[in-house]
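Numbers restart at 1 for each chain; the letters A, B, ... are given by sequence-line order, proteins then strands. Just so you know, these numbers come straight off a predicted model, no measurement behind them.
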Amino acid sequence: MTAGISRWAAWTASGVAIGGDPPELTPGPIAVWNEAPPLSKIHPKVRRPHAQAKALVQLASVVLGDRRIEGLALTLGSASGSAAPDREFNEELKKKGAGFGGPSLFVYTLPSAPLGEVAVAFGAHGPLTTVSAGAASALTAIVTAIDDVDSGRAPAVLCGGFEWGTDADYLCLFLIEPTGPITITGATGYGETPDGTRGDVLDLAAAVASGRPFSLTAADRLGFWAQIRSTGGFQ
Amino acid sequence: MTVAITSYGIVSAHGQGLQPLAEALRAGKTAVGPLTAFVAEGLCSNLAAQAPVETTGDRAFGLLKLAAEEALGWRDWAPSKRRAVLIGSTKGSLPRVLEQGQSDPFAQLTAWLAERSRARGPVRMIGAACASSSAAVGAALQLIDSGQCDEAVVAGVEALHPFVYSGFHALKAMSPRPAAPFDLNRQGLSMGEGAAVLVLESAASAVAGRRKPLGWIEGFGAASDANDQTAPHPEGDGLLRACEAALRSAQLKAADLGRYHAHGTATVQNDAMEAAMCARLFGPKGIPLCATKGAIGHTLGAAGVLDLLSCLASLNARELWPVTGLQELDPKLAVDPVTAIRAHSHPRALIATAGFGGINAALVLRRNES
């Protein structure tokens, strides 16, 4: 299996990192990012984006840079998905009445909506999906991205994970391509968790940044698991 | 890329099982009627296609259990690391988020189906807006085709909920009368609910288990419009790419198909987009067009698998069934919708789904000839 991580970035309550060591996952909403690229520059078509979609587009812009990859696929893992916009739209209905919910907010009550915004902003014409597998969601998304690139189904995949409106919010994105600085492999399953260092998507970013081969397993109490390894070390 | 369908279960607005749905589709009968599940006062519609089944607790979970028992109940399931579970849904168990303060509306559904089928391989929920369950079928095909799994239990589920109903009202996407796909006077969609569960296997696995294929899924493709969050690309760019990818994966051409099973939501924009896409894919010769949402409403994330089973029933009957709700074809749409039952022996169909975010997916389905 040959697929590699070529770029990554993460955004938590502690701050933003573009490559290098990821910020710590600390409680609360994501930090203010003063140097964030203005949406008007990177996605001029957008109308009234939800904050979740806006943040994802901004982080995607620093991972993709000026690159526009024909057929780029998008896959993100999330357990909470659209729970935050769901609650906001529900509150709006309670406050204003069933007939007066805002259409622009309702659009973002789909877990895939932030990715749809990324697709529009960066002309990504490949498949677009979100994946939910409890605490293993983000690594599951990355494993499917590795599969897609390795099998030739996609030339590249922008993948990773996000949680929003939870105890500790984060966004973390990786660009997977046929060859990258680190070759990786992955597997997913249900039930008994295989051996491997426990971790999540931010630990993957740290492992990639460390420059050492790694084996990382995310597991959920319900039984979902995903495992990612660097097989060939650095190219 | 060919996998066998060896079992299924379905709950639609025409009841439990595929037979009542098939009979209704043959007769062009709609299940869209007055909404009774909750109050829709002051909204642009008070209609819906409700599944006439009793469930307790979370409605989506109840619908999934009914479809799953029909699909899985007849077989002994030994634990297997080479069995996957994939579910497509937009909102899953939404009340868990809105009423119980949970953040994850999907994990309970997926974990339950994994335990019920004793799957120990990849288990996950797939989100792709209204193409979610088609994308789940596609993910299953890829897991089986790559040799990672021998079989996959694939589901689509969606329950009616006032939250979603109000949202589609806000978008002005719902019709005050039953949905009429491709009709001159179409005014939008009718909301629906339902669930379907498929067991998909490699041919070798089906033979080894002595399970008769009920149909074959031969190809899958997906692509994004990258054009707008809600409006489809007016010329169907993304759907065309998805259909072409499905045909490529099936090693087929458009001329090898016998019918096009449309997403057919009956919104002005969707149906115009699909007509434009059909003209590009099938050319002036066209192809018979079928659609089911006039009969069972739009079941959002479950639509892909409900359409797949509806299409399989008509393929196995060697017939084309009318587009329920269509009375007068919109003359601006250069398509050939089926308006009355007719014999049709071609074994193969292309099934399309499209969703918000510009997401598109397509499946190639063939009946089993033996």
**Asked** chain A heavy atoms under 4.5 Å from B:Tyr165: which part of the residue, side chain, backbone, both or neither?
**Response** neither
**Prompt:** In terms of heavy-atom proximity below 4.5 Å to chain A, should B:Leu94 be classed as side chain, backbone, both, or neither?
**Reply:** side chain
Which of the residues [options] is involved in the greatest number of heavy-atom pairs with chain B at under 4.5 angstrom?
options: A:Gly123, A:Ala124, A:Gly223; value: A:Ala124
options: A:Ala133, A:Gly116, A:Pro103, A:Ala141; value: A:Pro103
options: A:Ala113, A:Ala84, A:Gly191; value: A:Ala113

**Asked** Taking NZ, NE, NH1 and NH2 as the nitrogens, is one of them in B:Asp228 or A:Arg47 under 4.0 Å from a carboxylate oxygen of the other?
**Response** yes
Do the side chains of [Y] and [X] get nearer than 4.5 Å, heavy atoms only?
X: B:Phe106; Y: A:Pro111; answer: yes
X: B:Gln229; Y: A:Tyr108; answer: yes
X: A:Thr109; Y: B:Phe163; answer: yes
X: B:Arg241; Y: A:Pro127; answer: no
X: B:Gln148; Y: A:Asp147; answer: yes
X: A:Ser82; Y: B:Lys91; answer: yes
X: B:Ile126; Y: A:Thr130; answer: no

Answer with side chain, backbone, both or neither: which region of [X] has an atom nearer than 4.5 Å to a non-hydrogen atom of chain B?
X: A:Leu93; value: side chain
X: A:Val107; value: side chain
X: A:Phe106; value: side chain
X: A:Asp148; value: side chain

**Prompt:** Quick one: do the B:Arg124 and A:Ser132 side chains pair a donor with an acceptor below 3.5 Å?
**Reply:** no
